[in-house]
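For reference, the structure is listed below as structure tokens.
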Amino acid sequence: MLTALCGLVTSPSLLGYMLLAVVLGLLVGVMPGIGGKLSVAMAIPFVYGMDMLTGAVFLLTMHAVNGTSGQISSIVFGIPGESDDAATTLDGYPLAKKGEAARALGASITAAGAGGIFGAIVFAAMIPLLQPIVLQFGPSEFFLVAILGISCIAFLSSGRKIVKGLIVGCLGLILSTVGMDPQTGTARYSGDMLFLWDGINLVAAMLGLFALPEVIALGARGGSISSVPRGENTFSYRQLLSGVAEVPRHWFLVLRTSMIGALVGMVPGLGGSVAAWLCYGHAVQTSKTPELFGRGAIEGVIAPEAASNSKEGGSLLPTLFFGIPGSSGMAILLGAFLMLGIQPGARLMTEHLDVAWTLIWALVIGNLMAVAILLVLCRWVALLTFVDGRLLAPFIMTFMALGCYVSSFQWPNLIVLVLFGALGHTLMRCGWPRAPLVIGLILGGEAEQSLNLALQLWGLLFFLRPLSLVMIALIVGLMIYAVYRNLRPGGLRSAEAGE
Amino acid sequence: MNRPDRWLPPILLLAFGFMVVVAFRYPPEARLAPVAVGLLGIVLCLVQIAFESWSTGPFAARFQPAPKLGRPFEPLDVPGEASVREELAMWGYFLAFIATLLVFGFFIAIPSMVFSYLWRQARVKWPYALASAIGATGAVYLVFEGILHFVLFRGFAISAALQALSR
């Protein structure tokens with residue numbers, strides 16, 4: 001654990017890359033329409049030449065600090081840049097209107113940093129608890145974890161439309177079988193197209209499914225986050241510091257909401273907005289002055305920010321140890337990790353635990369850097385909210401094409417990008433979830449290999465092992481609950497009405 | 001079934017059906033996963049089609065939720081015509097970018113797309129658009145070819161022309 005910290009802080013190049021990642025993550029986080037997904041997607045071409053650890057630290061740091069700057073537009077202008085920041089607006093903007101924007105910013109930035117660090121601590125604390133469980137996993141459990149992961153994400157990302165989520169998950173699974181079958185050497189669905197023999201390129205598929213539809217929407221929608229005239233808000237560093245001091249004053253709230261955020265992050269499919277709203281509600285319920293909420297309560301800024309940043313540490317847990325990304329941003333991050341040579345799962349716990357510890361320390365140090373930078377520069381960073389999103393679209397498209405090409409230096413991947421982009425855009429327009437498709441695509445190969453191995457070892461009764469039975473019970477329970485939600489009177493129609 | 005996604009389950013049903021049929025050509029060990037997943041996909045697509053028919057058919061009234069007091073029914077979030085036109089324009093730029101990239105490579109596709117998009121679509125004055133296009137191409141060349149020593153795709157036409165010149 002401490003070796004990883006020493007390795008990180010004594011490497012000037014690694015710290016330099018982290019600083020660069022923090023600055024880029026903060027800048028990108030405040031710009032309109034570019035969330036964690038797009039920022040990681042845009043950074044992929046640059047990490048291709050890096051070694052495994054540097055690349056992973058760079059991407060994770062950039063992704064983790066992305067949300068720290070996202071709340072600036074929510075507080076200063078009352079316009080959330082992303083859904084995660086919507087809860088912060090409820091009290092952040094009223095504070096700004098009272099002339100206390102700097103106080104709100106100081107509190108939210110510090111709370112976000114504290115939440116990010118707490119999320120990393122929760123992740124670290126879970127390692128010794130999870131290690132014996134993960135090491136008990138055999139092929140049958142890994143197969144069932146993949147199925148559970150897809151079911152969970154299909155349910156949580158599509159709510160009552162679970163059938164749609166499952167269909168999309170199956171599509172991801174069947175697409176993961178494209179390429180050479182490892183058992184027989186048969187080229188499946190790939191014919192003479194050699195570039196498909198290694199399977200569908202994950203980076204191209206994920207950029208197409210997530211990044212391209214977002215860029216199309218960003219370009220079509222246009223406009224900047226903020227249209228409020230500049231210079232309407234007063235700003236003073238004394239006020240900013242008084243906001244910073246609010247976080248230790250409400251330390252127990254920070255602790256509780258960070259814990260909730262980290263736990264929410266561990267459940268694949270529950271997003272940052274769930275964590276933020278859950279903790280906002282918790283802050284209202286536990287406050288001695290609930291009547292102040294909505295009119296400028298500082299706890300209403302602290303709680304959602306601590307939660308949405310601590311979620312990152314929590315969601316790294318299923319991503320790294322079970323290969324189940326907690327969110328679409330984590331899915332892209334996982335694809336990039338696979339490209340860098342980081343194989344999630346039990347092997348990470350046994351052979352590459354140093355990588356996991358380095359990533360945890362990167363989360364901690366990255367958040368500290370982000371808080372320090374943002375407290376000094378937030379006044380000027382806020383100006384980026386005036387950038388018109390439409391102007392960014394051609395540059396993001398360029399980054400996407402570069403990322404897609406350099407991930408394997410094969411031009412047909414650009415065609416894969418277009419095809420998956422069309423599929424992702426269609427799913428987004430139709431209100432179908434995209435996350436289960438990516439999870440199916442990522443987990444499909446591992447699930448098939450595990451199934452084949454389990455069948456060879458234990459035959460058709462492979463699922464009778466105790467841990468497997470627990471997982472089957474979870475899958476069946478989830479399905480029964482989903483069917484109940486779909487079929488109860490009123491459920492079907494409201495499900496069809498797009499939730 | 002007036003919903004915009006009504007055609008998606010039948011198309012996915014056809015896709016799963018096609019993949020299952022193709023999978024039967026493979027040896028038994030290689031076809032296990034695609035056939036099992038494909039059949040599950042087919043069943044789920046049929047369930048979804050049945051759901052949609054049911055929700056818009058004679059039983060639909062039974063599943064109609066009671067309107068909330070003081071709140072009218074809200075329309076579905078269907079994008080407007082202007083939004084569709086904008087999205088089609090964005091797709092046009094993207095497809096043209098990829099096509100140019102495949103034919104002429106990165107160093108012609110990037111400036112062409114950045115300039116034409118900023119000038120025509122984002123209404124940026126042409127000198128700024130041109131400067132952005134040249135700047136972006138220069139930055140890509142410097143970072144990828146200069147610093148990282150990657151060889152970016154030159155495009156079929158440029159590669160063929162360079163080969164012809166070198167002979």
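Keep in mind that this is a model prediction, so the values were computed, not measured. The chains referred to below are lettered A, B, ... by the order of the sequence lines, with proteins before strands, and numbering in each begins at 1.
In summary, the aromatic rings of B:Phe106 and A:Tyr405 are positioned with their centroids under 6.0 Å apart. Ring-centre distance between B:Phe153 and A:Phe409: not below the 6.0 Å cut-off. Aromatic ring centres of B:Tyr117 and A:Phe395 lie farther apart than the 6.0 Å criterion allows.
For B:Trp119, the CH2 atom is loosely surrounded, since the number of other residues' heavy atoms within 6.0 Å does not exceed 12. Atom CZ of B:Phe104 is surrounded by 12 or fewer heavy atoms from other residues, nucleotides or ligands within 6.0 Å. With a 6.0 Å radius and a threshold of 12 heavy atoms from other residues, nucleotides or ligands, B:Tyr141 has its OH atom at or below the threshold.
Side-chain contact between B:Leu152 and A:Leu402 is present, with at least one heavy-atom pair separated by less than 4.5 Å. The closest side-chain heavy-atom distance from A:Pro394 to B:Phe97 is not below 4.5 Å. Put simply, the side chain of A:Thr184 does not reach to within 4.5 Å of the side chain of B:Tyr26, judged on heavy atoms. A 4.5 Å side-chain heavy-atom check between B:Val84 and A:Arg429 finds at least one atom pair inside the cut-off. At least one side-chain heavy atom of B:Gln48 sits under 4.5 Å from a side-chain heavy atom of A:Ile167. No side-chain heavy atom of A:Leu173 sits under 4.5 Å from any side-chain heavy atom of B:Leu40.
The two residues B:Met90 and A:Val215 have their closest heavy-atom pair at CE-O, 3.7 Å. B:Glu86 and A:Gly219 get closest at one heavy-atom pair: OE1-O, 4.2 Å. Nearest heavy-atom pair across A:Met397 and B:Phe94 is SD-CD1, 3.9 Å. Nearest heavy-atom pair across B:Pro34 and A:Tyr189 is CB-OH, 3.4 Å. Among all heavy-atom pairs drawn from A:Arg390 and B:Gln121, the shortest one is NH1-O, 3.7 Å.
At a 4.5 Å heavy-atom cutoff, the contact between B:Val114 and chain A is made by backbone and side-chain atoms alike. Interface residue B:Phe156: only side-chain heavy atoms are found under 4.5 Å from chain A. Residue contact with chain B, scored on non-hydrogen atoms closer than 4.5 Å, involves the side chain of A:Leu451 exclusively. With a 4.5 angstrom heavy-atom cutoff, B:Ala23 touches chain A via backbone and side-chain atoms both. With a threshold of 4.5 angstrom between heavy atoms, A:Val406 approaches chain B through side-chain atoms but not through N, CA, C or O. Proximity to chain A (any heavy atom under 4.5 Å) is shown, for B:Ile42, by neither the backbone nor the side chain. With a threshold of 4.5 angstrom between heavy atoms, A:Thr398 approaches chain B through its backbone and through its side chain. Within the 4.5 angstrom heavy-atom criterion, only backbone atoms of A:Ala187 (N, CA, C, O) approach chain B. Neither the backbone nor the side chain of B:Leu88 comes within less than 4.5 Å of any heavy atom of chain A.
Here CD1 of B:Ile98 is found 7.0 Å from SG of A:Cys404. Values are rounded to the nearest 0.5 Å. Of the inter-residue distances, the one linking B:Leu8 atom CG with A:Lys164 atom NZ reads 8.5 Å to the nearest 0.5 angstrom.
In terms of heavy-atom pairs under 4.5 Å with chain B, the best-connected choice from A:Leu455, A:Leu212, A:Leu417, A:Leu175 is A:Leu212. Highest contact tally toward chain B, considering only A:Ser176, A:Gly444, A:Gly185, A:Ala422, is held by A:Ala422 [criterion: heavy-atom pairs under 4.5 Å]. The most heavy-atom pairs under 4.5 Å with chain B, out of A:Ile216, A:Thr177, A:Asp181, come from A:Ile216.
Remark: the backbone N or O of B:Ala30 is paired with a side-chain donor or acceptor of A:Arg188 at under 3.5 angstrom.
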Legend entry - Residue pair B:Phe16, A:Leu171: steps toward the side chain to side chain contact (heavy atoms under 4.5 Å, CB included) verdict: CA-CA 8 Å; B:Phe16 280 121; A:Leu171 188 64; 4.0 Å; yes

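Each of B:Leu12, B:Leu39, B:Val43, B:Val37 was scored for a side-chain contact (heavy atoms from CB on, under 4.5 Å) with A:Cys170, with one residue passing: B:Val37.
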